Amino acid sequence: MALDFAAGCFGGAAGVLVGHPFDTVKVRLQVQSVDKPLYRGTIHCFQSIIRQESMLGLYKGIGSPLMGLTFINAIVFGVQGNAMRMLGSDTPLHQFMAGAAAGLIQSVICCPMELAKTRMQMQGTGEKSSSRRLYKNSLDCLIRIYRRQGFRGINKGMVSTVIRETPGFGIYFLTYDTLTRSLGCDAGDRFIVLKLLLAGGASGIASWISTYPVDVIKSRLQADGVGGDCRYSGMLDCVAQSWRREGWRAFTRGLTSTLLRAFPVNATTFATVTLFLMYMRQEDVEDACESIRPDLQHSSL
């Protein structure tokens, strides 16, 4: 159990390091003004951030997901495993239900973590060095928000987070289980790691596609009020205003960078977890793979 937890943490950290630049681009594209957009698309956003803010600009807000990894992995692994044992049999429906339960419960930590990440990613947009930094780091961000707005402030976007994470994790676990069975992850298969990478990456993509419009709303709500007055009174108002001003395209902004991120993040996570378990346990590949469950997708996916 301890090795599984440690492997998940290492795998998750590797996934965050690989995927965070894509996440920064996704958030910038999701929340930029439709009237005066700063970026023309995913590639232009990457280029602009590097040119204006240096490579480090792509890693703004990375402290928040890294801080939350331990707690989120503990919740996801624990809840999903216990839920499967309570449900009794390993069926596709039970995989979905167990994953959904894990997504629902881990939202408690995921929401404040992503709030800090989003605020940090939006800070100093277009500036290589800024003297007007409101937050020193992710923890300072959460502390300042709590002092001004209390418990409700640091949980801004909780409803949209729950709506995204609950079905998202269900689809993630279901897709991973289905693909690993279909691909046949048998001991002695020299392509087993490659198959795990493929299954994990495809699972992340499937999950994001199914819940992405909700993620756009969550990002807009959590970025609302940064550098000015709040625009939205709530989730439904955000949906209505976004649709009225931008149409259906509002709910796909940043999707390209998200999907580009989803596959390598999950592939990296699975490779790291598998290799860690194989090295620490000195067991065959199949035993190591049976201990793996997808760690976290949004946040971190």
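Only a predicted model underlies this, so the values are computations on that prediction, with no experimental measurement involved.
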J.: Atom CG of D23 and atom CD of Q121: how far apart are they, to the nearest 0.5 Å?
T.: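 So the gap between those two atoms works out to 5.0 Å.
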
J.: So Y59 and H20, would you call those rings parallel, tilted or perpendicular, with 30° and 60° as cut-offs?
T.: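 The rings of Y59 and H20 lie parallel, inter-plane angle below 30°.
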
J.: Run the ring pair (Phe, Tyr, Trp, His ring centres under 6.0 Å) test on F22 and F46 for me, step by step, so that the C-alpha distance in whole Å, both residues' side-chain angles and the decisive distance to 0.1 Å come before the verdict.
T.: CA-CA 8 Å; F22 293 96; F46 265 110; 5.4 Å; yes

J.: Got a donor-acceptor contact below 3.5 angstrom from the T175 side chain to the Y172 backbone?
T.: no

J.: Check R231 with D237, please: is the shortest side-chain N to carboxylate O separation under 4.0 Å?
T.: no

J.: Is the closest basic N to carboxylate O distance between D215 and R164 below 4.0 Å?
T.: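 Counted as a salt bridge, because a side-chain N and a carboxylate O are separated by less than 4.0 Å.
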
J.: Side chains of S48 and L38: does their closest heavy-atom pair fall under 4.5 Å?
T.: no

J.: Are V16 and M55 in one and the same hydrophobic cluster, where Ile, Leu, Val, Met, Phe, Trp and Tyr link if side-chain heavy atoms are under 4.5 Å apart?
T.: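 Both belong to a single hydrophobic cluster.
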
J.: Assess the side chains of Q30 and Y212: does a donor N or O sit below 3.5 Å from an acceptor N or O?
T.: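 Yes, side-chain donor-acceptor contact under 3.5 Å.
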
J.: Under a 4.5 Å side-chain heavy-atom rule over Ile, Leu, Val, Met, Phe, Trp and Tyr, are I217 and W243 clustered together?
T.: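 Linked within one cluster.
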
J.: Which atoms form the tightest heavy-atom contact between P264 and V18, and what is the distance?
T.: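 Shortest heavy-atom separation between P264 and V18 comes out as CB-CG1, 4.0 Å.
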
J.: Indicate yes or no: does R181 engage D90 in a salt bridge with an N to O separation below 4.0 Å.
T.: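 Between D90 and R181 there is a salt bridge, with a charged N closer than 4.0 Å to a carboxylate O.
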
J.: Is there a side-chain contact (heavy atoms from CB on, under 4.5 Å) between W208 and K26 once you walk through the steps?
T.: CA-CA 12 Å; W208 272 113; K26 179 204 74 171; 4.0 Å; yes

J.: Judged by atom type as modelled, is there a donor-acceptor pair below 3.5 Å linking the side chain of K60 to the main-chain atoms of Q123?
T.: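 Yes, because the side chain of K60 sits within donor-acceptor range (under 3.5 Å) of the backbone of Q123.
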
J.: Measuring only between side-chain heavy atoms, which start at C-beta, is L115 closer than 4.5 Å to N155?
T.: no

J.: Taking the side chain as C-beta and beyond, is there a heavy-atom pair between R28 and M122 under 4.5 Å?
T.: yes

J.: Minimum heavy-atom separation for C111 to G157, with atom names?
T.: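 Closest heavy-atom pair between C111 and G157: SG-C, 3.7 Å.
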
J.: Within this structure, what is the OG1-CD1 distance for the pair T161 and I109, rounded to the nearest 0.5 Å?
T.: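 Here the rounded value is 13.0 Å.
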
J.: For residues L255 and F251: do they belong to one hydrophobic cluster (side chain heavy atoms under 4.5 Å, members Ile, Leu, Val, Met, Phe, Trp, Tyr)?
T.: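 No; tracing contacts between hydrophobic side chains, which count when under 4.5 Å, never links both residues.
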
J.: Any non-hydrogen side-chain atom of L179 less than 4.5 Å from a side-chain atom of L198?
T.: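 L179 does not reach L198 side chain to side chain.
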
J.: Between R144 and D140 (salt bridge meaning N to carboxylate O under 4.0 Å), is one present in this structure?
T.: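 Yes, this pair counts.
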
J.: Examine distances only and state if a side-chain atom of N266 and a backbone atom of A262 form a donor-acceptor pair shorter than 3.5 Å.
T.: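 Checked: pair present.
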
J.: Please check if atom OH in Y232 has more than 12 non-hydrogen atoms from other residues, nucleotides or ligands closer than 6.0 Å.
T.: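 Above 12, so yes.
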
J.: Would you mind reporting whether S89 and M84 have side-chain heavy atoms less than 4.5 Å apart?
T.: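 Not touching, per the 4.5 Å side-chain cut-off.
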
J.: Under a 3.5 Å distance rule, please check whether T252 uses its side chain to pair with a backbone N or O of R249 as donor and acceptor.
T.: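 Pair found, side chain donor or acceptor close to backbone of R249.
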
J.: L17 and P21: which non-hydrogen atoms are nearest, and at how many Å?
T.: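 What the structure gives for the nearest pair is O-CD, 3.9 Å.
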
J.: Would you say the side-chain atoms of S107 and E165 include a donor-acceptor pair closer than 3.5 Å?
T.: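 Result is no, nothing qualifies.
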
J.: Roughly how far apart are Q241 CD and R220 CZ, rounded to 0.5 Å?
T.: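 The distance works out to 10.0 Å.
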
J.: Tell me whether the count of non-hydrogen atoms from other residues, nucleotides or ligands lying under 6.0 Å of CG in L194 goes above 12.
T.: yes

J.: With side-chain contact (heavy atoms from CB on, under 4.5 Å) as the criterion, how do V159 and L221 come out once you've worked through the C-alpha distance, each side chain's angles and the decisive distance to 0.1 Å?
T.: CA-CA 11 Å; V159 174; L221 288 172; over 6 Å; no

J.: Between the main-chain N or O of Y176 and the side-chain N or O of S203, is there a donor-acceptor pair closer than 3.5 Å?
T.: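 It does hold such a pair.
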
J.: Is there a donor-acceptor contact under 3.5 Å from the side chain of T180 to the main chain of D177?
T.: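 Yes, because the side chain of T180 sits within donor-acceptor range (under 3.5 Å) of the backbone of D177.
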
J.: Could you pull out the closest heavy-atom pair between G99 and Q80, with the gap in Å?
T.: N-CG, 4.2 Å

J.: State the OG-CD1 distance between S138 and I143, to the nearest 0.5 angstrom.
T.: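 Going from OG on S138 over to CD1 on I143, the span is 11.0 Å.
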
J.: Can you tell me how far apart CD1 (I171) and OG1 (T178) are? Round to the nearest 0.5 Å.
T.: 11.5 Å

J.: With distance as the sole test, does T118 use its side chain to make a donor-acceptor pair with the main-chain N or O of E114 at under 3.5 Å?
T.: yes

J.: If you define the side chain from C-beta out and look only at heavy atoms, does anything of L87 sit under 4.5 Å from M97?
T.: yes

J.: State yes or no: are the ring centers of F169 and F96 separated by less than 6.0 Å?
T.: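 Centroid distance F169-F96: not below 6.0 Å, so no.
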
J.: Is there a donor-acceptor pair closer than 3.5 Å between any side-chain N or O of S33 and the backbone N or O of D35?
T.: yes

J.: Could you report the tightest heavy-atom contact between P112 and L142, atom names first, then the distance?
T.: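 Heavy-atom minimum between the residues: O-CD2, 3.4 Å.
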
J.: If you group Ile, Leu, Val, Met, Phe, Trp and Tyr by side-chain heavy-atom gaps below 4.5 Å, do L260 and L29 land in one group?
T.: yes

J.: Under a single-linkage definition using a 4.5 Å side-chain heavy-atom cutoff for Ile, Leu, Val, Met, Phe, Trp and Tyr, are F263 and I209 assigned to the same hydrophobic cluster?
T.: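 Both belong to a single hydrophobic cluster.
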
J.: May I ask you to check whether over 12 heavy atoms, not counting those of R152, lie within 6.0 Å of atom CZ?
T.: no

J.: Can you tell me how far apart CD (E246) and CZ (R244) are? Round to the nearest 0.5 Å.
T.: 11.5 Å

J.: For I145 and Y135, run side-chain contact (heavy atoms from CB on, under 4.5 Å): C-alpha distance rounded to whole Å, both residues' side-chain angles, the deciding distance at 0.1 Å, then the answer.
T.: CA-CA 10 Å; I145 293 174; Y135 311 116; 4.3 Å; yes

J.: Of all heavy-atom pairs between A250 and V216, which one has the smallest distance, and what is that distance?
T.: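 Of all heavy-atom pairs spanning A250 and V216, the closest is O-CG1, 3.3 Å.
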
J.: Passes side-chain contact (heavy atoms from CB on, under 4.5 Å), K117 versus Q222? Steps please.
T.: CA-CA 10 Å; K117 174 183 68 67; Q222 292 186 327; over 6 Å; no

J.: Taking atom CG as the centre, does L93 end up with more than 12 heavy-atom neighbours from other residues, nucleotides or ligands that are less than 6.0 angstrom away?
T.: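 Check passes, neighbour count above 12.
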
J.: Checking S210 side chain against S207 main chain: does a donor-acceptor pair fall under 3.5 Å?
T.: yes

J.: Do R245 side-chain atoms and V34 backbone N/O form a donor-acceptor pair below 3.5 Å?
T.: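 Checked: no pair found.
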
J.: D224 versus K156: any side-chain heavy-atom pair under 4.5 Å?
T.: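 With C-beta onward as the side chain, the pair touches.
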
J.: Does a side-chain heavy-atom distance below 4.5 Å link M235 with I163?
T.: yes

